[in-house]
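Residue numbering restarts at 1 for every chain, and letters A, B, ... go by the order of the sequence lines. The figures here come from the full heavy-atom set of this structure, side chains too, leaving out hydrogens, waters and symmetry mates.
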Number of protein chains: 2
Amino acid sequence: MKLSKKSDYALRAMIYLSMNYQRGAVQIKEISAKEKIPQKFLENILLALRKAGILNSKMGLRGGYELARSPDLITLGDVIRVLDGAIAPVNCVSQISYKPCSVEVTCVIRGVMMDVRKAITDVLDTITFADMCKRVKDSLEKKESEVLTYAI
Amino acid sequence: MKLSKKSDYALRAMIYLSMNYQRGAVQIKEISAKEKIPQKFLENILLALRKAGILNSKMGLRGGYELARSPDLITLGDVIRVLDGAIAPVNCVSQISYKPCSVEVTCVIRGVMMDVRKAITDVLDTITFADMCKRVKDSLEKKESEVLTYAI
DNA sequence: CCAATTGTCTATTAATATGGTAGATTTAGT
DNA sequence: ACTAAATCTACCATATTAATAGACAATTGG
């Protein structure tokens, strides 16, 4: 039940690109440095996101990556699915058995896991990277005012 | 974001033991056979649950395992935490940094993951094994009535 | 055109987690 | 004492995760 490093890095890179939307192509190198993500690892991640149609890339000098569409049209779920595959913990039940056997309780577990999946996706498929940018800005403002308060 | 085989087996064994609550000690061998779980693997799992205080065991002849308390006092979350550790996907952010740096977006991801954790635990910490027993019985009744319908 | 820069692709590696097994030991009932 | 059960310690194979290496392709500025 854990977010992989890959998805974690992907989210961070996506937030960075969202904060820099309309600035044009941003280089892997820059994202890697600012977000402290191993560059070569990040290459694979961004490549996967490009192949999934979430990012666009430009090769060569002054090339880089940028969002393929507006941040408010990309959800966290979109990104996590690319890196980690399906979000649902449903493969706990591989094959559905139709035997009306009194100890065949797997379908019951399956039922609960469907609920869990829904609970997760209700969060991840709702929050967009535009929301994330807003949260970043809010948290920065809050921090600044806190600093001010402490200074006084 | 996946339930481990270990937790899956644990849930199944726990449902089995809940269905057989007040019958006294049940042997690993029986659970293993009925739920088709590798016996030696199941040993480790039940041992972990006993050490966590969720099961009681009796050694020796006619020994076995039984719930340490009533099924309605044990939640799915209790069990999963024992086998898979913390449910929260929060270690995506290891250390909290207080730098008010404009690209320090980790805390924002952390915030979302707290929401996800809450969504998951709202399900898993609410459903008890008594509920699971009820679901098993309901699904059996439903199947029987379906069979009847098809037979007519 | 050329050289520098940047993304693309294919492998490989190291570390860790997962799923499962083996066998000796302890405990308790008959 | 004998037997059936849990317990403990250790091990192994495989898969996944996280990360790295290096050759290759495309683009642009000069």
Side chain to side chain, [X] and [Y], heavy atoms closer than 4.5 Å:
X	Y	result
B:T126	B:L76	no
B:I54	B:L67	no
B:L55	B:M14	yes
B:K40	B:E43	yes
B:I74	B:T128	no
B:I15	B:M19	yes
B:F129	B:L17	no

| said: To the nearest 10°, give me the bend of the helix from C:dC1-D:dG30 to C:dT30-D:dA1, comparing the axes of its five terminal pairs at either end. | reply: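 Here the helix ends are tilted 10° relative to one another.
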| message | Going by ring pair (Phe, Tyr, Trp, His ring centres under 6.0 Å), name the residues that satisfy it together with B:Y9, two or more places apart in sequence or in a different chain. | response |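 Only B:F41 meet the ring pair (Phe, Tyr, Trp, His ring centres under 6.0 Å) criterion with B:Y9.
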| field | N or O in side chain of A:S57 less than 4.0 angstrom from C:dT8 OP1/OP2 | value |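 It does, given that an N or O in the side chain of A:S57 lies less than 4.0 Å from OP1 or OP2 of C:dT8.
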Restricting to nitrogen or oxygen on both sides, can you table the protein-nucleotides 26-30 of chain C pairs closer than 3.5 Å?
unit_1, atom_1, unit_2, atom_2, d
C:dT27, O2, B:G60, N, 3.4

| query | Which pairs count as side-chain hydrogen bond (donor to acceptor under 3.5 Å, both in side chains) when at least one residue sits in residues 49-69 of chain A, sequence neighbours excluded? | reply |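 Qualifying pairs, neighbours excluded: none.
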| message | Quick test of your reading: applying side-chain hydrogen bond (donor to acceptor under 3.5 Å, both in side chains), list the pairs with at least one residue in residues 71-86 of chain B, sequence neighbours left out, ordered by first then second residue. | response |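 Passing the test, one end in residues 71-86 of chain B: B:S4-B:D84, B:S7-B:D84, B:S70-B:D72, B:T75-B:D78, B:R81-B:D125.
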Sequence-distant partners of [X], side chain to side chain donor-acceptor pair (under 3.5 Å), two or more places apart:
X	value
A:Q39	none
A:K118	A:D122
B:S32	none
A:K134	A:D138

Quickly work out the [X] [atom1] to [N] [atom2] distance and round it to whole Å.
X	N	atom1	atom2	value
A:K51	C:dG7	NZ	C1'	11 Å
A:L42	C:dG7	CG	C1'	12 Å
A:K29	C:dA4	NZ	P	14 Å

| said: Check A:R135 with B:D115, please: is the shortest side-chain N to carboxylate O separation under 4.0 Å? | reply: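 Yes, charged N to carboxylate O under 4.0 Å.
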| task | Could you tell me whether A:I28 contacts a base, only the sugar-phosphate backbone, or nothing, with contacts defined as non-hydrogen atoms closer than 4.0 Å? | result |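 The residue A:I28 makes sugar-phosphate contact but no base contact.
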| Interface limits on DNA chain D, where chain A has a heavy atom under 4.0 Å of a nucleotide atom |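 That gives a stretch of D:dA18 to D:dG29.
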| request: Output the residues of residues 76-83 of chain A in contact with DNA chain D, where contact means a heavy atom of the residue under 4.0 Å from an atom of the strand; sort by number or write none. | output: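 None, since no heavy atom is under 4.0 Å.
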| message | Does the protein touch nucleotides 15-24 of chain C at the base, only the backbone, or not at all? Give it as B, S and - per nucleotide, heavy atoms under 4.0 Å. | response | ----SBBBB-
